Amino acid sequence: MEGYIREAFDRYVKPDSWEEKVDIMSQFIARFGHLLSSSIRAGQPERYAQNYEELIRSYVDSLKRTSSIFRRF
């Protein structure tokens with residue numbers, strides 16, 4: 001799952017457009033921020049625009065936790 005999400009980011013986030021990267025990270029955090037670790041700084045999308053590994057890892061971990069909760073029921 002992490003590989004798929006990383007591949008999607010790599011494919012759709014233009015490597016030469018800083019403003020677009022920041023905008024995409026801002027949108028991602030706004031949409032999924034409630035699922036992300038508290039260590040993710042919502043007000044700093046610039047921090048993740050160049051290296052979004054921490055953001056992806058936090059999102060995938062949250063999905064795994066949610067998935068395991070639903071499997072218990």
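All values derive from a computational prediction rather than experimental measurement.
Listed by first and then second residue, the salt bridge (charged side-chain N to carboxylate O under 4.0 Å, His left out) pairs involving residues 35-48 are R47-E54 (not counting sequence neighbours). Contacts classified as salt bridge (charged side-chain N to carboxylate O under 4.0 Å, His left out) and involving residues 16-26 (residues at least two apart or in different chains) are not found.
Atom CD1 of residue I24 and atom CG of residue L55 lie 12.0 Å apart, to the nearest 0.5 angstrom. With rounding to the nearest 0.5 Å, the separation of CG in L63 from CD in E2 is 11.0 Å. Atom CD1 of I5 sits about 5.5 Å away from atom OH of Y59, to the nearest 0.5 Å.
Between Y48 and F28 there is no side-chain heavy-atom pair separated by less than 4.5 Å. Annotation: side chain of S62 is in contact with side chain of R65 (closest heavy-atom distance under 4.5 Å).
When all heavy atoms are compared, the tightest approach of S26 to P45 is N-CB, 3.6 Å.
Every residue two or more places apart in sequence or in another chain that forms a side-chain contact (heavy atoms from CB on, under 4.5 Å) with D10 is listed here: R6, Y52.
One hydrophobic cluster, built from ILVMFWY side chains closer than 4.5 Å, holds both M1 and I56.
Side chain of S58 to main chain of S37: a donor-acceptor pair is present (N/O by atom type, distance under 3.5 Å, no hydrogens or angles).
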